[in-house]
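First comes the structure, then the notes that go with it.
Scope of the values below: all heavy atoms of this structure, side chains included, with no hydrogens, waters or symmetry mates. Order of the sequence lines fixes the chain letters, A, B, ..., with proteins taken first and strands second; residue numbering starts at 1 for each chain.
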Amino acid sequence: MSNGKVLLFNHEKCAGCRSCVVGCSLYHDGECGKVVSRVAVVRNERYGESFPVGCDACADAPCAAVCPTGACAMDFEAGITKIDADKCIGCKECAMACPFGAINMHYKTGKAFKCDLCEGREEGPVCADWCPGGAITYETPGVSFKIKRREKLTERLQAAKVGEEG
Amino acid sequence: MAVMTKAQAKKFNEMTDKMIDVLNYLKSNKVINADEQRSVLLKGFSKLVDLLQEKKVINAKEAKAAMKGGFESLLVSLS
Amino acid sequence: MYGWAGQRLRVDLTTGKITKEPLSYEYRRKWIGGRGFNSDVIYNEVPPNLDPYDPRARVCFGVGPVSGSAAPSTGRVTVAAKSPLTGGFGDSNMGGHWGAEVKYAGYDQIIIQGRAKKPVYIWIDDDKVEIRDAGHIWGKYPRDADQMIKEELGDEDIHIMLIGPAGENMVRFACTFNDVWRAAGRTGTGGVIGSKNLKAIATRGSGTVKVADPKKLMDVCNRLRQAFKNDPMKMGLYEFGSLCLINVANRDGWFPWKNFQEGAHPLASNMAGETHAETVLKHREGCYACPICCGRFTQIRDGKYAGEEFGGPEYEHAVPTGPRCGIIEDANDIWHNACLTNDYGMDGIECGGVISTAMEWYEKGLITTKETGGLELEWGNAEVVAKLIEMIAKREGFGNILADGADRAADKLGLGDEGHYYTITTRGMTLPGDDPRGLGFGYGLSFSVGTRGGCDHLRSLCCLELSGALYPGLNTKILGDESACKPVTINSKPYMVYYEENQKAMTDCLNVCCFTTHWSYAVLTPDQVEYLNAITGLDFTEEEFQEVGERIYNLERAYWNRLMSGAREDTVPERFLKEPMPQGVDYQTNVGVTFPLNDMLSKYYQYRDWDAKTGFPSERKLKQLGLDYVAKDLAPMRTKYMSETEKKKKKWYV
């Protein structure tokens, strides 16, 4: 049974630094670059916006659903789909099916590659570990959403108070 | 180990910037050679302490004290 | 090849020729990359007496073996050219993500020479390089030009170096940007790029940085990233940006008030990072692979500029067109003026500097509304400052005179020595917002000998005297003197500046952000040697690391010496030597201080092994650093510098 932890992406806290991107590429591929990273950051320079994009560990994953060979399949222990490179034929259907664009084709093999939550890394996923602003976190969704509800409620109460005073 | 007199140490202590003067003195008194002088100049005070400890000019206790007290402490150990 | 891409790209805009030059191991080992490659090219290919705007001049963009890797903060690019402002060696460094992209596209350096017949931009798509028409984006602000190029090329994820209208108009302190807002501010490189009719270099890179020992690199990076998590400077910079300095600057009396007449003001906190974060901070920004993320994105929310937004500002960007001009009451005026210098594409430091100088000329009656075309240059008049920023960028009226820099303006207006007293420059370049009577004696010493025109906080960035106190034992470890962590003391400052200058120069070669190694000291030289070796598979030592820095520093110094600039010009603006710091606030710590340059300068020459009379590096030093050809170049210059003719020349810039 998985430990229940997944990656959560909060663009409000993302500074766009791509520490996640470069750490992921080094950890998995031993070289540094955006093209071999399993996580990406989309930036709108003009408006000062940035969005981390990675595998959201869908419970009913479209990537696994469309895979013709079973290469992309849910690993129930890890709690995330994984791609078996030996079975992958590089058809790109999983990359097209992912609603977030979190799957890409590897420049060396032409096969699909995606996040595996840095299986085996003691400190957990590199991206969450290295993120300076806490935009990517590795946690149990249930716990995280409780915290988020409380934060949002506090914000609303503050705004109401200011509204009353003003 | 004393490689300078207390009077010399006092002169150094009165200088506001003393790294190069201390190194020149140690070199002309053959405590360190030209390469070692250059190495310390490039790398900093902790390298001087390491070097002097390696050469047994100061002992481990004095080296530790120097890393805490800087030149003030080191000059005491050298004089 | 590990680390490096292994080649530089040379584009000749006169002929349209594009060449890729391989870089040998010997060359890469000697010059490393980034600033090292740039300084070598400028020294060899841009003769001393060439007009910086001549088509034969070069502008270089350098990245290094560590650029684009997972080491902390690897997006930086060094831009170098003969400076239109000072006439001497010029360079500047910018953050952002373009540097990593250049590396991923497969280049360690880009050299631009010649001049295009009409406005162009360069599109680098990995190994495919083309020169494209830029008529439709010429004249546009960087925020618009960036968008238009991305739409034209059909890719919003590319990264672009570009200049603003001020660069196109060859304002002598126009700057260079990438990713719209990240500026290489100083020395006027934007004008050199503009003089070549080049608007931008758009880049897409699909490569990677190859690593010799990935496991080792991962270990080092893990360790350093953990160190940054609790690092005190990281926390201050992330929360409040470089504006976190405002309250400290005010307390320690280095806050530039009215052209450095004073060093503190009761309302300074109006523009502090803490205030900025509560009122106008829209977004925190980080450069490539950075664990600090000190960048800001500002959105003005009330008043007449409500809705205006821009990337930045930094401390150094905001203070010159703010408190240095006497503006502090309404912070929105300060943010607005910073936005203007971004949109027009000018160095905020030099622009605010020349305006505040003109304000002091006006105050002292050296100029009147006759010279200013009717503008009343009263301290604190934010609208006049905004108007002047526009006039300078467009080279209109009085702005056209100021656009050539404060010392040339003083000459043009016939203001003599008294006028030059208020320009606050060394070698033609003005001071950033760091009054040496407060920050600090080390900074001030490095202003006097800086190799990109003095008055420059970034040649040494000797933060051992600024943030050093946050790292107990660090000043002892490097200098053997903990008391050096105080800014207003001369203790160990000559050695501090020597050490930090070498460190900084090598950091600029790698090309990583100096905020990780100066300011925050979470990364020290031994850490950098570790990640450099893990990436390249080579065997650099700490000595070699620092020695490369020393080599580059001496080469840049020699560039100035060839232009007859040496010991006589090694000084700081007279104001700091003569005028004791007045009291601006009751908690100010440096009241009464003047800057004691001569207590430190001769000692510094000893560290550098420079001749005290000429300020030229000794032959022995040059040969030790493998710069025999430089020793040959300087041999006839030494006596010439000491000649009576040279001694008589009053040289503000070369």
Side-chain angles (χ1 to χ4, degrees), chain B residues 3-4 8-28 31-55 57-58 60-79, chain C residues 441-442 445 464 472-486 489-503 505-506 521 524-526 529 540-551 553 596 599-609 620-621 624-625:
Chain B
V3 296
M4 66 178 74
Q8 180 63 66
K10 184 162 182 277
K11 271 207 201 118
F12 283 137
N13 265 320
E14 283 162 8
M15 291 180 178
T16 53
D17 180 299
K18 54 188 75 92
M19 174 65 89
I20 198 163
D21 303 86
V22 171
L23 290 179
N24 285 344
Y25 179 91
L26 292 174
K27 188 174 101 168
S28 48
V31 180
I32 62 176
N33 63 33
D35 285 342
E36 288 162 343
Q37 182 202 38
R38 173 137 179 81
S39 176
V40 171
L41 211 59
L42 289 171
K43 288 154 84 170
F45 181 77
S46 63
K47 299 308 163 190
L48 176 61
V49 173
D50 286 346
L51 186 65
L52 292 174
Q53 188 182 1
E54 250 175 65
K55 288 172 176 290
V57 176
I58 58 175
K61 189 159 162 239
E62 290 167 326
K64 197 164 173 214
M67 287 312 295
K68 271 192 89 181
F71 271 113
E72 214 180 301
S73 163
L74 182 65
L75 288 168
V76 168
S77 309
L78 294 177
S79 61
Chain C
F441 289 176
L445 173 60
L464 285 173
L474 183 63
N475 273 277
T476 302
K477 181 175 177 174
I478 297 177
L479 312 173
D481 181 1
E482 198 65 15
S483 78
C485 74
K486 294 193 205 69
T489 172
I490 59 174
N491 291 355
S492 299
K493 295 303 159 86
Y495 185 51
M496 179 192 284
V497 171
Y498 167 80
Y499 180 89
E500 293 271 61
E501 281 172 343
N502 294 342
Q503 216 299 329
M506 182 58 172
Y521 286 93
L524 297 174
T525 300
V529 171
F540 284 92
T541 59
E542 217 182 313
E543 276 111 328
E544 188 180 350
F545 187 102
Q546 295 286 111
E547 186 173 76
V548 172
E550 193 178 38
R551 173 182 304 130
Y553 205 82
D599 290 356
M600 297 182 286
L601 191 57
S602 54
K603 206 44 167 316
Y604 173 83
Y605 286 152
Q606 281 181 50
Y607 281 108
R608 280 276 169 228
D609 197 2
R620 168 186 54 211
K621 173 54 73 179
Q624 183 185 52
L625 297 170

Does a side-chain heavy-atom distance below 4.5 Å link [X] with [Y]?
X: B:Asp21; Y: C:Lys603; result: yes
X: B:Leu41; Y: C:Tyr498; result: yes
X: B:Ile20; Y: C:Tyr495; result: no

[X], [atom1] atom: more than 12 neighbouring heavy atoms under 6.0 Å:
X: C:Lys621; atom1: NZ; value: yes
X: B:Lys11; atom1: NZ; value: no
X: B:Lys64; atom1: NZ; value: no

_Option in C:Met600, C:Gln546, C:Met496, C:Lys493 with maximal non-hydrogen atom pairs under 4.5 Å from chain B_ =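 Of the options given, most contacts go to C:Gln546.
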*Top contributor to chain B interface from C:Thr476, C:Thr525, C:Thr541, C:Asn475 [non-hydrogen pairs under 4.5 Å]*: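 So the answer, after comparing C:Thr476, C:Thr525, C:Thr541, C:Asn475, is C:Thr476.
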Distance (rounded to the nearest 0.5 Å) between [X] [atom1] and [Y] [atom2]:
X: C:Asn502; Y: B:Lys43; atom1: CG; atom2: NZ; answer: 14.0 Å
X: C:Glu543; Y: B:Ser39; atom1: CD; atom2: OG; answer: 3.0 Å
X: C:Leu479; Y: B:Met19; atom1: CG; atom2: CE; answer: 7.0 Å

*Checking heavy atoms, do the side chain of B:Lys47, its backbone, both or neither come under 4.5 Å from chain C?*
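Only the side chain of B:Lys47 comes within 4.5 Å of chain C.
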Relative to chain B, which segment of [X] carries a heavy atom at a distance below 4.5 Å: side chain, backbone, both, or neither?
X: C:Glu482; result: neither
X: C:Tyr607; result: both
X: C:Gln503; result: neither

*Which one, B:Lys18, B:Arg38, B:Met15, leads in non-hydrogen pairs under 4.5 Å with chain C?*
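The option with the most such pairs is B:Arg38.
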*Of C:Asp599, C:Thr489, C:Asp481, C:Asn491, the residue whose pairing with B:Thr16 passes side-chain contact (heavy atoms from CB on, under 4.5 Å)*: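 Of the listed residues C:Asp599, C:Thr489, C:Asp481, C:Asn491, the side-chain contact (heavy atoms from CB on, under 4.5 Å) partner of B:Thr16 is C:Asn491.
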